[in-house]
Amino acid sequence: MEELKVNLPFNLAGGVKVYSSEVWQGLVLEWREGHLLLEFPAEADSISSAVYGGGVGRLKRAVNQYVSRDYECSNPVRDMEDKLQEWGYPLEGCAGLMTAVPLEHAAVAEEDTGSAGIFCCVTAAAGNAARAGSQRSVLAAYRPGTINIMLGIDGWLSPSAMVNAVMTATEAKAAALVDLGIVDAENGLIATGTTTDAIVLAVSGSRRYAAEHVYAGTATDLGGAIGRLVYSAVTESLRSVKSAEAVRRAELAGLAQAKQLASSAETGQEAGGAKAGGAEADKVAAGAAPAEAATLAAKHSLGSTEPQPWQGAQSVLSEQSGQQQKGGGE
């Protein structure tokens with residue numbers, strides 16, 4: 001079996017905004033303004049927990065919208081509908097997800113099993129990780145899903161197999177969290193998901209593989225592949241988010257250190273000036289020549305205009321601090 005490849009396909013700085021599936025011809029994932037657009041080559045059968053357009057039906061596209069962590073989520077359905085209209089997408093045949101995960105952390109994994117082509121895209125973070133089956137607080141309103149899974153299968157599945165596929169994907173997501181040691185902050189137990197995860201499954205119904213899938217559990221080739229893809233994509237997206245957070249913390253720590261060094265340099269200058277002034281006074285008191293004493297007194301009063309060694313260092317630190325401030329934004 002070939003090694004499973006997981007991609008973080010998008011790079012805005014490099015101009016990479018489109019990913020074309022290698023296993024489902026015509027399936028395209030695109031990073032557009034404020035959202036990911038997954039466009040199917042034709043209408044597909046679907047089952048999903050999407051906040052907009054969820055349930056059982058037919059889909060032409062799925063959208064994963066980025067929202068800030070402080071998103072006011074009293075009416076996400078209306079908000080999503082407004083956005084879809086703003087972006088010019090037909091409301092019919094569209095599923096809408098929301099995420100607070102920056103979209104550059106979207107992970108994509110695919111596999112052709114010989115009986116189906118499977119595409120998986122995940123955006124994941126674990127800030128609100130939770131364990132199913134434990135006592136915990138509940139939410140009065142919807143909040144944007146933190147682990148969103150968009151799963152596309154080019155092949156033929158029975159309705160029960162589609163439900164089975166969602167079960168397998170959910171098990172794989174939970175397994176990834178277990179292996180990463182992610183816990184529910186409320187009780188310290190290993191998390192099985194987050195409080196508002198969502199999934200979209202779309203199936204082409206194609207007969208090109210000459211296979212009919214009536215099961216999609218972990219003992220089937222289809223379910224096994226779904227589990228591997230979801231597990232790997234969840235893991236990679238979470239690692240990407242964690243890595244970015246570590247870089248951000250390092251940048252902030254470096255900025256704080258630069259400010260501290262600059263402050264120390266200023267303090268050292270003041271202390272050095274005071275010490276020099278005291279030495280000059282001692283020299284005058286010890287009987288320095290009147291003219292020399294007058295010169296020393298004038299220098300002490302007005303301050304020397306000669307450049308000091310620390311001044312160049314402070315200038316460099318200030319420049320570095322400014323560069324860090326510019327580069328610290330997400």
Side-chain angles (χ1 to χ4, degrees), residues 5-12 16-67 76 80-81 83-112 116-124 144-155 157 162 165-166 169 173 197-206 225-226 229-230 232-234 236-237 240:
K5 293 187 297 183
V6 184
N7 300 314
L8 298 172
F10 300 115
N11 181 350
L12 284 189
V16 181
K17 301 180 181 180
V18 179
Y19 179 87
S20 297
S21 172
E22 297 177 357
V23 300
W24 186 344
Q25 187 175 2
L27 180 71
V28 176
L29 179 68
E30 186 173 356
W31 183 346
R32 296 190 177 182
E33 182 182 0
H35 66 286
L36 296 179
L37 172 66
L38 181 62
E39 193 90 31
F40 305 107
E43 274 195 342
D45 293 326
S46 175
I47 181 171
S48 82
S49 62
V51 65
Y52 183 89
V56 178
R58 300 275 290 172
L59 287 184
K60 185 65 175 67
R61 65 190 55 81
V63 169
N64 192 8
Q65 179 192 356
Y66 173 76
V67 296
M80 177 61 74
E81 187 171 299
K83 277 296 184 181
L84 292 174
Q85 291 176 330
E86 177 185 325
W87 294 327
Y89 303 143
L91 301 181
E92 188 75 18
C94 184
L97 309 171
M98 291 181 174
T99 180
V101 178
L103 301 177
E104 61 266 27
H105 302 299
V108 171
E110 298 187 286
E111 185 173 333
D112 188 329
I118 310 167
F119 166 93
C120 178
C121 175
V122 172
T123 52
T146 306
I147 299 180
N148 284 346
I149 301 170
M150 295 192 293
L151 194 61
I153 301 176
D154 185 21
L157 276 70
M162 290 176 65
V166 171
K173 173 195 69 177
D197 294 344
I199 185 169
V200 171
L201 168 64
V203 178
S204 70
S206 169
I226 290 170
L229 295 172
V230 171
S232 299
V234 168
E236 186 61 29
S237 185
S240 178

Q | Neighbour count >12 (heavy atoms, 6.0 Å) for atom CD, E86 | A | yes
Q.
Given 3.5 Å as the limit, does a donor-acceptor pair link the side chain of D197 with the main chain of I147, or not?
A. yes
(Q) Can you confirm whether K83 sits close enough to V63 that some side-chain heavy atom of one is under 4.5 Å from a side-chain heavy atom of the other? (A) no
Q.
To check you understand the geometry: which heavy-atom pair defines the closest contact between V230 and I149, and what is its length?
A. CG1-CD1, 3.8 Å
Q) Do N64 and L38 touch side chain to side chain, with heavy atoms closer than 4.5 Å? A) no
Q. Taking C-beta and beyond as the side chain, do W87 and H35 meet within less than 4.5 Å on heavy atoms?
A. yes
Q) Does L201 reach the side chain of I153, with side-chain heavy atoms less than 4.5 Å apart? A) yes
Q: Decide if atom CD of E92 counts as having more than 12 heavy atoms of other residues, nucleotides or ligands within a radius under 6.0 Å.
A: no
Q | Value rounded to 0.5 Å, distance of SG in C121 from CG in L103 | A | 9.0 Å
Q: Search all heavy atoms of W24 against all heavy atoms of A44 and return the closest pair with its distance.
A: CH2-CB, 4.3 Å
**Q.** Residues, nucleotides or ligands: over 12 heavy atoms within 6.0 Å of Q85 CD
**A.** yes
Q: Considering non-hydrogen atoms only, spot the tightest contact between F40 and A202 and give its length.
A: CZ-CB, 3.4 Å
Q | Derivation and outcome, side-chain contact (heavy atoms from CB on, under 4.5 Å), residues V28 and V18 | A | CA-CA 7 Å; V28 176; V18 179; 3.7 Å; yes
**Q.** Taking every non-hydrogen atom, the tightest pair across A169 and L151
**A.** CB-CD2, 4.4 Å
**Q.** CA sep, side-chain torsions, deciding dist, call: Q65, L97, side-chain contact (heavy atoms from CB on, under 4.5 Å)
**A.** CA-CA 6 Å; Q65 179 192 356; L97 309 171; over 6 Å; no
(Q) Measuring from atom SG of C120 to atom CG of L229, what distance do you get when rounded to the nearest 0.5 angstrom? (A) 6.0 Å
Q | Heavy-atom check, side chain of V56 versus side chain of M162, under 4.5 Å | A | no
Q. Is there side-chain contact between P41 and Q25, with at least one heavy-atom pair below 4.5 Å?
A. no
Q | Separation of E104 CD from S237 OG (nearest 0.5 Å) | A | 10.0 Å
Q) Going from CD on E110 to CG on L27, what distance comes out if it is rounded to the nearest 0.5 angstrom? A) 7.5 Å
(Q) Between L8 and H105, is there a side-chain heavy-atom distance shorter than 4.5 Å? (A) no
Q | Minimum-distance pair of heavy atoms, taken over all atoms of V203 and G155 | A | CG1-O, 3.3 Å
**Q.** Closest non-hydrogen atom pair between D154 and V23, with its separation
**A.** OD2-O, 4.0 Å
Donor-acceptor pairs under 3.5 Å, side chain of residues 47-55 to any protein atom, not counting sequence neighbours: which ones?
from	atom 1	to	atom 2	distance (Å)
S48	OG	A50	N	3.3
S49	OG	I199	N	3.0

Q: Using a 4.5 Å cut-off on heavy atoms from C-beta on, say whether the side chain of F10 contacts that of L29.
A: yes
Q) Could you give the distance from CG (N7) to CD (E236), rounded to the nearest 0.5 Å? A) 9.0 Å
**Q.** Side-chain ion pair, E39 and R61, N-O less than 4.0 Å
**A.** yes
Q: Can you label the angle between the F119 ring and the Y19 ring as parallel, tilted or perpendicular, going by 30° and 60°?
A: tilted
Q) In Å and rounded to the nearest 0.5 Å, what is the NZ to CD distance from K60 to E43? A) 8.5 Å
